[in-house]
Every structure is written in C-alpha cells, then in structure tokens.
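These notes concern the structure reproduced below.
Proteins get letters first, then strands, A, B, ... in listed order; numbering begins at 1 in each.
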Amino acid sequence: MKHETEFEISFDGGPVPARQGQTIGAVLHAAGIRSWRTTRFGGRPRGLFCGIGVCFDCLVTVNGTPSLRACQTEALPGDEVTSG
Amino acid sequence: MTYDLVVIGGGPAGMAGAAAAALAGLRVALVDGGPRLGGQYFRHPHSAEPLRGRFPRLRAAVAGRATVLARHRVWTVQREDDLLAVHCLAGERDERPRTVRGRRLLIATGAHDRSLPFPGWDLPGVLTAGGAQALLKGDRVVAGRRIVVAGTGPFLLPVASGLAGAGADVAGVYEANRLTGIARRARPAPAKVAEATGYALELLRHRVPFHAGQAVIAAHGDTGLTHVTVARLDRDWRPLATRTVECDTLAVGYGFLPQLDLPVQLGCATRPGVDGSPVVEVDAGLRTSVPGVYAAGEATGVGGADLAEVEGLLAGRTVAMDLGRTARPAPALARRRRRLTAFAEALLRAYPVRDGWRGWLSPGTLVCRCEEVPYARVLEARDLGALDSRAIKLLARPGMGWCQGRVCGYAVACLMGEAPQPPRRPIAQPIRLGDLADQPEETP
Ligand code: FES
C-alpha cells in the first residue's frame, strides 16, 4: 500500500481532515457535514446523493470556483471549501 | 496523433476492449472521467490498487499498450470525415478542452443507479446504493453510522455486506421484490451462487436482517435523515402495513440505467431492454448501427462486470478485424457472452420495478430534484394536456436542470404511462461555453 498522506482542508473556515485521493464530497461527508448548499426555490439542504457525478446535488465552491461537483473533485491540501 | 480506436470508459468493458484492440496491434486511447482506471465496479482508493482479481490483470494488459487519458470527461463526439472526434474536458477544476481523434470508437460508459422518488428522498443522508458503495470503495468512507439499505436488485447485497463489514450498523436490507423462484429462473453459475452466499453469510455474521417484499416509502428528518418509513408491499408494490426505522443514512437503488448520451447523440439505434429501459442495439461483434461505433458493457444491457469484460474483449477484437488485422475467432468468448447475457436478463426479470411506487408519492414529493418539481405540478401539467414526458418537461420543467433528467427521467416517463425513452441530451457533460471559446485546444 502506498503511503497515504493526510492533510486538512477548510469548510466555511473550519478545518476538516482529509486523506490523499479522497473527493471533497467524501471528506465533508466523513466529517459529518452532509449538506453544503441549499436549493434555489425551496432552500432545501443538499449534499451527496448519487456519489458518481450524475445528479449535481453536491455542487460546491472550492477556492472561489463555483459549481464544482464535490463527489468528482479531489481534495487538495489547503482547499477552501465554502457552502452556498 | 490519430488513434485507431478511442475507448470511452475505463471500467471492465473499456479496459478489456482497449487491451484486446491494443494486443491486436492497434493504436488505442482509453479515455475516462475519473482519476484512475476501474470505473464503478473496480473502484479503489488512490493508495490501494487491488492486487488480486480481474482488475490487476486488465490493468497490466492495458499498461504500456494503450494511451490512458484519465480525468478526461467526454462532452460530445463528432464525425470528421473518416474520423470520430471525441471532445473532452481535461482536469477537474481547470477544465481544458482536449480532442482525441480515432478511426473507431468504443463506447463503454457504464450505468448509474435507477432512482425512484419518494417523500423525503432529497434529504441529506439519503444516498443511492451506488453512491454509498463509491464512498466505501473509492474513499474508504462509511456512509453513516446506522444505515438502511433498500430498493431492488442483487446489488443491494454487496452494498449492505460491505457497509456492515466496514463497521456500520446496518439496520436492515429491504428488497422490494419477493424473489420467489429466482434460482430456478436465473440458473446462476456456481461462481455466482458462491458470491451471493458469501454476501448472505456476511450479513448473517453481522446480524443484518434481510426483508423481501418490503421497501422504504418515505424518509424523514429536518435538515438530515433521522428515520424512514418501511412498508410491507403487495405484489404491485402497494404498501400494506408500515413501521418506522431509525437511521442516519439510507442507501437506495432500484437497479441501474445505462449511460446512453453519447450513443444516442451519434444516432446509434436503441431498443427497449428486458427491464423496459433503452439499451444500445449491437450485433454479435458489438457493432452499433452507426458505422465505426461499437458499444460494450452496461450500454448494451445491464449485466455486471463479468459480462462487460467479455463484451469489451469481443468488441476490441471486432474493431481489430474491421481494421484489417487478423484475429482468431473466439467462439468460447461468444458462448460466454450468450450465457452471461441470459443470466443477466433473468436477473432483470426477477427484480422488476412495479407500478405501485407511484402510490408512495404525496403531492409535495419532489419528482425532479434539480428544478424542485413536486408531484402535484406534474399532475397539473398532465391535467393541462401534457400527454408525454416531453410535454411535461416543457410545462413543469422536470428534467430541465443540471442533471438533464438522468435522475428523474425514468420516473417521469413511468408517471406519464410511457416506456422510458433514450435520452436526448445535446451534450453529455455541462460545460462552461465561454471557457471553451477562449482556450486553444490541445490534442494529445
Ligand atoms: S453526488 Fe451526484 S453529482 Fe455528486
């Protein structure tokens, strides 16, 4: 097994532990953060649903780039993730 | 560089197809949206490539022979004279346009979970079965503490046993079908029986109860899932009696839908599969109706990894032969394909989706998650005269959001009383058009 680097990313300013290769969606979900945006009309909380890039429920802003699929975006050290 | 063959999809079918074609002497590019080869079935963490089983063998067969283009998401394919131009977005955050050209194209884009709507299915904590599996296999994240697994199909067993084995408290597996006479109808190969027995033993070991003829018909919670309503179902999936089960996570899936955006864009003929959902029509050599375009794996009918791999091998050989290479006939492979197809079709028949799920909906239940279209608005549009799912889409907007109907398309078609249609999506991936126009295009 290759060495698994551990690092931190931040979610709305707070630290969240991550392992190399994990997606941002997995990192947040593992930390008990299950929702990171609300819907346009109903303001409903959303997080992971399909987990494989199909549903677009997991959209998130990373380092200022909006509308990335959290389940398809690999976490990198120092990533600043913001809810929206 | 122009390739002889571009393969789209790095799962079992795509890897096998790329390997077979490359072994026959073709220049092959294998394109996949993910960071590593494997697709959903061979999904593995960054740090632990599987050392046993089919994956390492396929990986070795592909390595050094085919050009692997990971993190390349295909958004469209266009014909350019004799060539097929596969337009990709490379990278994850900084999408760069990149075009890969080939004389032949093999589509091996796999499948995703088939979802049915029910009250509360958009609460955080409700995941597809495939999503829970992807978290576990790819990220080594157990989806929750107390998990309910529900839906229909043989896939629920590996999901539940994987979660239980990883330490989750799996409150139960709720299989909506009754599974009477499955073994007789499907006549599984001994290896399949052993696999299923293995999952069953694992569930037994972790004291996970398995309930056939039951389903989760509602999910509850304020900002996240806290409990679900489980119902005993009649033959048509109408609820008979209900009870509440506490859980923080629900993994739910009703079988799989092939990803058909690209073959449909290219004009490949489709036909209704045995479960009613469209699949790409192919001949014994996995050729689609469009010259130069081949399909293998779930796109030709949902059948699992073994069948996908066999189809990939056959497709790779066919491409080689069609390009004038000599390939020895492979009657054993063709026989294996027929046998695995018969088994897969028997399973699809044993795990149908029954109409009674429509009765689980209440007027406020979202049918389309993206555009937040409640069931009431679908009914309203129908009352206004929308006769099919296309008209409904225009009136009530289900399927017009980010996912382009991938999640709700099946349900909307069923609610309109029509057979699920092949997708009509001009692009297979949302793209930022402005970005595309601004950037010089690379070709690998
Ligand atoms: S969870 Fe569906 S796209 Fe990420």
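Using a 4.5 Å cut-off between heavy atoms, Leu51(B) does not touch chain A at all. For chain A, the nearby parts of Glu371(B) are the backbone and the side chain; heavy atoms of each come within less than 4.5 Å. Neither the backbone nor the side chain of Val27(A) comes within contact range of chain B; no heavy atoms are under 4.5 Å apart. Proximity to chain B (any heavy atom under 4.5 Å) is restricted, for Ala75(A), to the backbone atoms N, CA, C and O. In this structure, chain B has heavy atoms under 4.5 Å from both the backbone and the side chain of Glu74(A).
For the pair Arg369(B) and Trp121(B), the distance from NZ or CZ to the six-membered ring centre is under 6.0 Å and the angle to the ring normal is within 45 degrees. For the pair Arg114(B) and Tyr410(B), the cation-pi criterion (under 6.0 Å, within 45° of the ring axis) is fulfilled. Cation-pi contact between Lys137(B) and Tyr41(B): present, with separation from the ring centre below 6.0 Å and deviation from the ring axis of at most 45°.
Between Phe155(B) and Phe256(B), the gap from one ring centroid to the other is short of 6.0 Å.
Among Gly42(A), Gly25(A), Gly32(A), the residue making the largest number of heavy-atom pairs under 4.5 Å with chain B is Gly42(A). Contact tally against chain B (heavy-atom pairs below 4.5 Å) for Arg40(A), Arg44(A), Gln22(A), Arg19(A): the top residue is Arg44(A). In terms of heavy-atom pairs under 4.5 Å with chain A, the best-connected choice from Arg71(B), Arg43(B), Arg73(B), Arg145(B) is Arg71(B). Ranked by non-hydrogen atom pairs under 4.5 Å with chain A, the options Asp122(B), Leu123(B), Asp248(B), Asp113(B) are led by Asp122(B).
Arg425(B) places no side-chain N or O within 3.5 Å of a backbone atom of Leu262(B) that could act as its donor or acceptor partner.
Distance check: Thr249(B) OG1 to Leu127(B) CG gives 6.5 Å after rounding to the nearest 0.5 Å.
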